[in-house]
Amino acid sequence: MIVFLNGEFVSSAQALVPADDPAFLFGDGIYETVLVRKGRLPFWEDHWSRLCASADALDIQVPLTFAQATEILRELIRRNDMPDAIGRIQLSGGGLPPLPPVTGNGRRERGARPPRTVTARLDALPAYGPEEILRGWKVVLSKLPYAPFLPRVKHTSRLSHVVARREAARVNAQEAILLDHDQVLLEGTRSTLFFFRHGILHTPALDCGILAGVTRDKVLRVARREGIPINEGIHLPVELGRAEEVFLSFTSAGVMPVTDVDGRPVGLGRMGPLTQRIKSAYDRMLATTIGRAAALV
């Protein structure tokens, strides 16, 4: 596998970062994952905008232009012969910055930190077959209360997500749903949560402390186009237990039905009609976006 590291394309075995890298030591870094389909990057501009917003929030300089980042991904697709993949770009923070000089008003001016490490790589695109989609995923509600930290930033401090994923793995579930200290539903460790109740599509509001998912935004767009009423709000586990249909959204799958929550079946135990409607509309949007995107290889 060929990866990008600080301006060079090297084998993954050669892509070594120093032991004092801030992302390794402190989780001081940001990243984005983007879908690669047919050598194209659907919704790439949305991911790039969020990467820049995350960098601004953590005072990290983005040393690449959009065109340069696109070229890096294009070269990775070409060198690895992977027209279908998941791409990831990560910027490691520049560490603890030195104190800047004091200005005439007695204040210290803040400056963005140059990143210590810039990496990009491709991973195999997970294969979600028709049977898995129809059968849906099993999820659990994490028992570890999650305190969102900079929820609008896609940063590398993901220990809570890792622990929750382990909770799910122990009971052969594919995902875990995070809750805050007040037992308010938040999001999955890699996904956004949606559920239907009485024909209304419910999802946690961004103000609950969840990531503004790119796929989440697309799902809400197609739901509005389909004339489906939406409720972005504060939701509790009891509401999820009463849901007729549940699904997740995330980059690699788009829409993934959920048919089991904490060992209890959802609906009839298979993908429901409203979820199917959302998924079909999302898949059409994705196909249109792919068709319009420029081929990189």
Pairing of [X] and [Y] as salt bridge, 4.0 angstrom limit:
| X | Y | result |
| --- | --- | --- |
| E75 | R78 | yes |
| D84 | R37 | yes |
| R242 | E239 | no |
| R284 | E226 | yes |
| R264 | D260 | no |
| R50 | E32 | yes |

**Request:** Could you list the residues that satisfy salt bridge (Lys or Arg N to Asp or Glu O under 4.0 Å) with R270, not counting sequence neighbours?
**Result:**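 Testing R270 for salt bridge (Lys or Arg N to Asp or Glu O under 4.0 Å), a comparison that skips the adjacent residues, returns none.
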
Path from [X] to [Y] over hydrophobic side-chain contacts below 4.5 Å:
| X | Y | result |
| --- | --- | --- |
| I133 | V255 | no |
| M256 | V258 | yes |
| I290 | L296 | no |
| F4 | V36 | yes |
| I30 | V34 | yes |

**Prompt:** Going through the distances and angles, do K143 and D262 end up as a salt bridge (Lys or Arg N to Asp or Glu O under 4.0 Å)?
**Reply:** CA-CA 11 Å; K143 295 177 175 59; D262 271 349; 5.3 Å; no

How long is the span from the [atom1] atom in [X] to the [atom2] atom in [Y], to the nearest 0.5 Å?
| X | Y | atom1 | atom2 | value |
| --- | --- | --- | --- | --- |
| F195 | L274 | CZ | CG | 13.5 Å |
| L16 | D21 | CG | CG | 11.5 Å |
| L193 | L178 | CG | CG | 10.5 Å |
| D56 | R152 | CG | CZ | 14.0 Å |
| I77 | I72 | CD1 | CD1 | 12.0 Å |
| D81 | I2 | CG | CD1 | 12.5 Å |

For [X] and [Y], which heavy atoms make the closest approach, and how far apart are they?
| X | Y | result |
| --- | --- | --- |
| P115 | I60 | CB-CG2, 4.2 Å |
| W48 | V62 | CH2-CG1, 3.7 Å |
| T156 | A23 | OG1-CB, 4.3 Å |
| E244 | V266 | O-CG1, 3.8 Å |
| P126 | S252 | CD-CB, 4.0 Å |
| I89 | A69 | CD1-CB, 4.0 Å |

Give a yes or no on whether the backbone of [Y] and the side-chain of [X] come within a donor-acceptor separation of less than 3.5 Å.
| X | Y | value |
| --- | --- | --- |
| Q174 | K138 | yes |
| D182 | V184 | no |
| T289 | M285 | yes |
| R40 | A293 | yes |
| R170 | A168 | no |

Does [X] reach the side chain of [Y], with side-chain heavy atoms less than 4.5 Å apart?
| X | Y | result |
| --- | --- | --- |
| V118 | L5 | no |
| K218 | D46 | yes |
| N231 | L201 | no |
| S157 | F26 | no |
| F196 | H202 | no |
| Q90 | K154 | no |
| Y282 | R277 | no |
| M1 | D123 | no |

Could you check whether [Y] and [X], counting side-chain N and O atoms only, form a donor-acceptor pair closer than 3.5 Å?
| X | Y | answer |
| --- | --- | --- |
| Y31 | T119 | no |
| S280 | Q276 | yes |
| E167 | S142 | yes |
| T70 | W44 | yes |

**Request:** For H155, check ring-ring contact (aromatic ring centres under 6.0 Å, His included) against everything at least two apart and list the hits.
**Result:**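 Counting only residues at least two positions away or on another chain, H155 forms a ring-ring contact (aromatic ring centres under 6.0 Å, His included) with F149.
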
**Request:** Determine, step by step, whether V214 and T251 satisfy the side chain to side chain contact (heavy atoms under 4.5 Å, CB included) criterion, reporting the C-alpha distance in whole Å, the side-chain angles of both residues, the deciding distance to 0.1 Å, and the verdict.
**Result:** CA-CA 8 Å; V214 169; T251 295; 5.8 Å; no

**Asked** Is the Lys NZ or Arg CZ of R79 less than 6.0 Å from the centre of F9's six-membered ring, within 45° of the axis?
**Response**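 Checked: cation-pi criterion met.
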
Counting only heavy atoms from other residues, nucleotides and ligands, does the tally under 6.0 Å from [atom1] of [X] exceed 12?
| X | atom1 | answer |
| --- | --- | --- |
| Q68 | CD | yes |
| R166 | CZ | no |
| L206 | CG | yes |

**Prompt:** Step by step, would you call I86 with L122 a side chain to side chain contact (heavy atoms under 4.5 Å, CB included)?
**Reply:** CA-CA 6 Å; I86 293 292; L122 299 180; over 6 Å; no

**Message:** Before you tell me yes or no, could you show the steps for D28 and R116 under salt bridge (Lys or Arg N to Asp or Glu O under 4.0 Å), namely the whole-Å CA-CA distance, both residues' side-chain angles and the distance that decides it to 0.1 Å?
**Reply:** CA-CA 10 Å; D28 178 14; R116 179 69 179 276; over 6 Å; no

**Request:** Go through the structure and list residues passing side-chain hydrogen bond (donor to acceptor under 3.5 Å, both in side chains) with T189, not counting sequence neighbours.
**Result:**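 Residues passing side-chain hydrogen bond (donor to acceptor under 3.5 Å, both in side chains) with T189: E175.
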
**Prompt:** Are L185 and L240 close enough, and set up right, to give a side chain to side chain contact (heavy atoms under 4.5 Å, CB included), and what steps lead you there?
**Reply:** CA-CA 9 Å; L185 294 168; L240 197 60; 4.1 Å; yes

**Message:** Just checking Y146 against H161, ring centres under 6.0 Å apart?
**Reply:**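 Centroid separation for Y146 and H161: below 6.0 Å.
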
**Asked** Given the rule in the side chain to side chain contact (heavy atoms under 4.5 Å, CB included) test, do V246 and T259 qualify, once you have shown the distances and angles that lead to the verdict?
**Response** CA-CA 7 Å; V246 180; T259 53; over 6 Å; no

